[in-house]
Participant: 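Supplied in structure tokens, the structure appears directly below.
We use all heavy atoms of the structure for the numbers below, so side chains are in, but hydrogens, waters and symmetry mates are not.
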Amino acid sequence: MERHITGFHQDDEGDWVAELDCGHHQHVRHKPPFFERPWAVTSEGRASMMGKPLSCALCDRMELPEHFVLHRHSPLFDQDTVPPALLKAHQLKAGVWARIHVMEGSLRYHLDTPSPRTFLVDAEHPGIVVPEVPHHVEPVGNVQFYLAIYSRVNTD
């Protein structure tokens, strides 16, 4: 999944790491012939890559960024009280993730694009909602669930 570079920092070994708008970090080493990233070795090169897309394997695997924290959670919904907006395609903004927690029953979690997929979400298998990916849910019979919303730790 393509994500945009929002910044850079160096790790403990001095290698450059791209900070992505999804919240993940990715090394951007220039180690030919395996990695051709000459732009990573200069400040001008890194500056030229700000806002450019970079493939994020962690988003592809739907992995919540480790340093994100619970920001808030929704009320408990059931098959009758689920907001209509959740039943049709919608998406979270950049840098915001969610986890669908089913307390009872199950629901289908549909990723509408870029690679349409459907997951059955139940008490043992929560759903992870990736930022900026259109999705919707579909109750399967009687269900009770809530959404946990995650974001970056505010360091201001």
Participant: side-chain hydrogen bond (donor to acceptor under 3.5 Å, both in side chains) with Glu132: which of Gln91, Lys93, Arg3?
Facilitator: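 Of all the options given, the one that passes is Arg3.
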Participant: Determine whether Leu20 and Ile5 make a side-chain contact, defined as any pair of heavy atoms from C-beta on separated by less than 4.5 Å.
Facilitator: yes
Participant: Counting distance only, does the side-chain N/O of His24 pair as donor-acceptor with the main-chain N or O of Glu63 below 3.5 Å?
Facilitator: yes
Participant: With a 4.5 Å cut-off on side-chain heavy-atom distances among I, L, V, M, F, W and Y, is there a chain of contacts connecting Val129 to Val69?
Facilitator: no
Participant: Any non-hydrogen side-chain atom of Leu111 less than 4.5 Å from a side-chain atom of Met62?
Facilitator: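 In contact.
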Participant: In terms of heavy-atom contacts, does CE of Met50 have more than 12 from other residues, nucleotides or ligands at under 6.0 Å?
Facilitator: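 Result for CE/Met50: enclosed.
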Participant: Is any side-chain heavy atom of Lys52 closer than 4.5 Å to one of Trp39?
Facilitator: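 No, every pair of side-chain atoms sits at 4.5 Å or beyond.
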Participant: State the CE-CG distance between Met1 and Asp60, to the nearest 0.5 angstrom.
Facilitator: 5.0 Å
Participant: Is Trp97 reaching over with its side chain to a backbone N or O of Cys22, donor-acceptor style, under 3.5 angstrom?
Facilitator: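 At least one qualifying donor-acceptor pair exists.
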Participant: Is it true that a side-chain atom of His67 and a backbone atom of Pro65 form a donor plus acceptor pair closer than 3.5 Å?
Facilitator: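 Pair absent, no side-chain N/O of His67 close to backbone of Pro65.
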Participant: Report the distance from atom CH2 of Trp16 to atom NE2 of His9, rounding to the nearest 0.5 Å.
Facilitator: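 Those atoms lie 9.5 Å apart.
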Participant: Are any of the side-chain heavy atoms of Pro139 and Leu87 separated by less than 4.5 Å?
Facilitator: yes
Participant: If only side-chain N and O atoms count, and only distance matters, is there a donor-acceptor pair under 3.5 Å linking Gln144 with Asp78?
Facilitator: no
Participant: Give a yes or no answer on whether the side chain of Gln26 reaches the backbone of Ala57 with a donor-acceptor pair at less than 3.5 Å.
Facilitator: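 Such a contact is absent between Gln26 side chain and Ala57 backbone.
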Participant: Are there more than 12 heavy atoms of other residues, nucleotides or ligands under 6.0 Å from atom NE2 of His73?
Facilitator: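 Counting neighbours around NE2 of His73, 12 or fewer heavy atoms of other residues, nucleotides or ligands fall under 6.0 Å, so no.
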Participant: Strictly distance-based, threshold 3.5 Å: is any side-chain N or O of His136 a donor or acceptor partner for the main-chain N or O of Ala89?
Facilitator: no
Participant: Report the distance from atom CG of Leu54 to atom NE2 of His4, rounding to the nearest 0.5 Å.
Facilitator: 10.5 Å
Participant: For Arg152 and Asp21, which heavy atoms make the closest approach, and how far apart are they?
Facilitator: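 Shortest heavy-atom separation between Arg152 and Asp21 comes out as NH2-O, 3.8 Å.
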Participant: Looking at Ala123 and Met103, what are the two nearest heavy atoms and their distance?
Facilitator: CB-O, 4.5 Å
Participant: Using the rule that Ile, Leu, Val, Met, Phe, Trp and Tyr join whenever any side-chain heavy atoms are under 4.5 Å apart, tell me whether Leu64 and Val130 fall into a single cluster.
Facilitator: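 Leu64 clusters together with Val130.
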Participant: Strictly distance-based, threshold 3.5 Å: is any side-chain N or O of Thr6 a donor or acceptor partner for the main-chain N or O of Glu19?
Facilitator: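 Yes, the answer is positive, given that a donor and an acceptor are paired below the 3.5 Å cut-off.
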Participant: Considering all heavy atoms of both residues, which atom of Ile100 and which atom of Val121 are nearest to each other, and what is their separation?
Facilitator: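 Looking at all heavy atoms of both residues, the closest pair is O-CG1, 3.9 Å.
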Participant: About how many Å separate CE of Met49 and CZ of Phe8, when rounded to the nearest 0.5 Å?
Facilitator: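 CE of Met49 is found 6.5 Å from CZ of Phe8.
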Participant: Is a donor on one side and an acceptor on the other found under 3.5 Å between the side chain of His30 and the backbone of Val41?
Facilitator: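 No.
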Participant: For the NE2 atom of His101 and the OG atom of Ser74, what is their distance to the nearest 0.5 Å?
Facilitator: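 With rounding to 0.5 Å, NE2 (His101) is 9.5 Å from OG (Ser74).
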Participant: Given the rule that I, L, V, M, F, W and Y join up when any side-chain heavy atoms are under 4.5 Å apart, are Phe119 and Ile128 in one cluster?
Facilitator: yes
Participant: From Leu147 CG over to Leu76 CG, what is the distance, rounded to the nearest 0.5 angstrom?
Facilitator: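 Rounded to the nearest 0.5 Å, the CG-CG separation comes to 10.5 Å.
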Participant: Please find the pair of heavy atoms, one from His135 and one from Tyr109, that lie closest to each other, and give the distance.
Facilitator: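 Here His135 and Tyr109 meet closest at CB-CE1, 3.7 Å.
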Participant: Looking at residues at least two apart in the chain, or sitting in another chain, which of them share a ring-ring contact (aromatic ring centres under 6.0 Å, His included) with His27?
Facilitator: none
Participant: So, Asp15 side chain and Arg29 main chain: donor-acceptor pair closer than 3.5 Å or not?
Facilitator: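 Checking the backbone N and O of Arg29 against the side chain of Asp15, no donor-acceptor pair under 3.5 Å is found.
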Participant: Between Leu70 and Ala148, which heavy-atom pair has the shortest distance, and what is it?
Facilitator: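 Minimum heavy-atom separation between Leu70 and Ala148: CD1-CB, 3.6 Å.
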Participant: Kindly check if the number of other-residue, nucleotide or ligand heavy atoms within 6.0 Å of CD (Glu36) is above 12?
Facilitator: yes
Participant: In this structure, would Leu107 and Leu92 fall into the same cluster of hydrophobic residues linked by side-chain contacts under 4.5 Å?
Facilitator: yes
Participant: Output, in order, the C-alpha distance, side-chain angles, deciding distance and verdict of side chain to side chain contact (heavy atoms under 4.5 Å, CB included) for Glu2 and Ser55.
Facilitator: CA-CA 4 Å; Glu2 295 289 305; Ser55 183; 3.7 Å; yes
Participant: Which heavy atom of Val82 sits nearest to which heavy atom of Phe77, and what is that distance?
Facilitator: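 Distance-wise, the nearest heavy atoms are CA-CB, 4.1 Å.
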Participant: Using a 3.5 Å distance criterion without hydrogens, assess whether the side chain of Arg46 forms a donor-acceptor pair with backbone atoms of Ala40.
Facilitator: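 Yes; at least one donor-acceptor contact below 3.5 Å.
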